[in-house]
Amino acid sequence: MNRNIFFLLLLLVLGVSAYAAPPSEEEGKLIFKNRCAGCHNVNKKVLGPALSKVYDRHSMDWITSFIQSSQAVIKSGDKEAVALFEEYNNTPMPDHKDITAAQVESIVAYIKSQEGGDVSLTKTVSVGVRAPLYRPLQLTDYGYITGFVSVVLLLILVLLLAVSVKGVERELKKK
């Protein structure tokens, strides 16, 4: 029984450590295609500015804040944000409060990988239509898979423990 508990704890630790892995460039590509490419391109202006070298022009905290709520950054009086807003005819960028700082880092990693080439990921976007907030599970999502397997194994161990406890109760009732 102690060996089972050891393996369970080992799996849980591995699951948690794998789950905390940084987002991949592939995730950044997916988010960029679904959420950014309607208005932005890496190397040329579309409805919004070209994003090439954005990480050199702004800090990651600034980029994250601007993506999550551009109007909040503009209303705070940030000169660069106000200048961008005015340069693009006072067209507000939609808020993406659900995009985390780690996801912004994956988007920036994707942008870095695409600089210099012609990346045409733009798509037709109807006003008011948003891309889904999910993405399909992939085999490279080790954190999700490890976490899922860990939970399943935990449930199996709990079930085995309940069965063994019930067996001990039956033995005690016989005596």
Side-chain angles (χ1 to χ4, degrees), residues 1-40 42 51 54-56 58-73 93-115 117 119 121-126 128-175:
M1 190 70 171
N2 287 337
R3 191 160 72 175
N4 289 342
I5 293 173
F6 171 74
F7 284 120
L8 173 66
L9 290 174
L10 180 65
L11 281 174
L12 288 175
V13 167
L14 290 175
V16 169
S17 64
Y19 190 74
S24 67
E25 184 181 307
E26 188 65 31
E27 182 181 15
K29 177 181 179 181
L30 185 66
I31 296 169
F32 187 88
K33 279 183 171 183
N34 288 330
R35 305 291 288 279
C36 309
C39 299
H40 295 280
V42 174
L51 298 177
V54 69
Y55 49 88
D56 286 340
H58 305 287
S59 70
M60 286 303 293
D61 289 336
W62 188 94
I63 296 169
T64 301
S65 298
F66 196 83
I67 288 172
Q68 290 175 341
S69 181
S70 64
Q71 290 302 301
V73 176
M93 181 174 134
D95 290 348
H96 301 285
K97 293 181 188 271
D98 59 312
I99 295 179
T100 65
Q103 289 172 321
V104 171
E105 288 179 19
S106 69
I107 295 168
V108 169
Y110 172 70
I111 290 170
K112 286 179 182 179
S113 74
Q114 298 301 309
E115 291 176 339
V119 180
L121 294 176
T122 57
K123 60 181 179 180
T124 305
V125 177
S126 301
V129 175
R130 292 187 57 170
L133 300 177
Y134 61 89
R135 67 179 180 83
L137 186 62
Q138 299 173 349
L139 288 177
T140 57
D141 294 333
Y142 302 117
Y144 294 113
I145 293 170
T146 306
F148 178 77
V149 170
S150 298
V151 168
V152 168
L153 290 175
L154 177 65
L155 290 174
I156 290 170
L157 286 173
V158 167
L159 183 62
L160 290 173
L161 180 65
V163 168
S164 67
V165 166
K166 193 66 174 175
V168 168
E169 284 179 354
R170 285 185 187 142
E171 288 295 323
L172 290 174
K173 281 185 180 181
K174 287 181 181 178
K175 292 181 181 181

In short, I107 meets F32 closest at the heavy-atom pair CG2-CD1, 4.2 Å
Value for CD1 (I31) from CD (E26), rounded to nearest 0.5 Å, stands at 11.0 Å
| said: Let's go through K112 and Y55 carefully: what are the C-alpha distance in whole Å and the side-chain angles of both, what is the deciding distance for side-chain contact (heavy atoms from CB on, under 4.5 Å) to 0.1 Å, and is it a yes or a no? | reply: CA-CA 9 Å; K112 286 179 182 179; Y55 49 88; 3.3 Å; yes
Shortest non-hydrogen pair, E25 vs Y110, comes out as CG-CA, 3.7 Å
To the nearest 0.5 Å, atom CD of Q103 lies from atom CG of D98 at 7.0 Å
Heavy-atom closest pair (Q68 atom, T100 atom, distance to 0.1 Å) is NE2-CA, 4.2 Å
Residue set satisfying side-chain contact (heavy atoms from CB on, under 4.5 Å) with E169, at least two apart, ordered chain then number -> V165, K166
Interatomic distance, CZ@R35 vs CG@L30, rounded to 0.5 Å, equals 10.5 Å
CD1 (I67) and CD1 (I99) are apart, to the nearest 0.5 Å, by 6.0 Å
When rounded to the nearest 0.5 Å, the distance separating OG1 of T64 from CG of D61 is 6.5 Å
One should read off an interatomic distance between L159 CG and S164 OG, to the nearest 0.5 angstrom, of 10.0 Å
*asked:* Closer than 3.5 angstrom, by distance alone: can the side chain of S106 be matched with the main-chain N or O of E27 as a donor-acceptor pair?
replied: no
For K97, the side-chain contact (heavy atoms from CB on, under 4.5 Å) test, sequence neighbours excluded, returns S69, D95
When every non-hydrogen atom of V54 is compared with those of I63, the smallest separation belongs to O-CD1, 3.9 Å
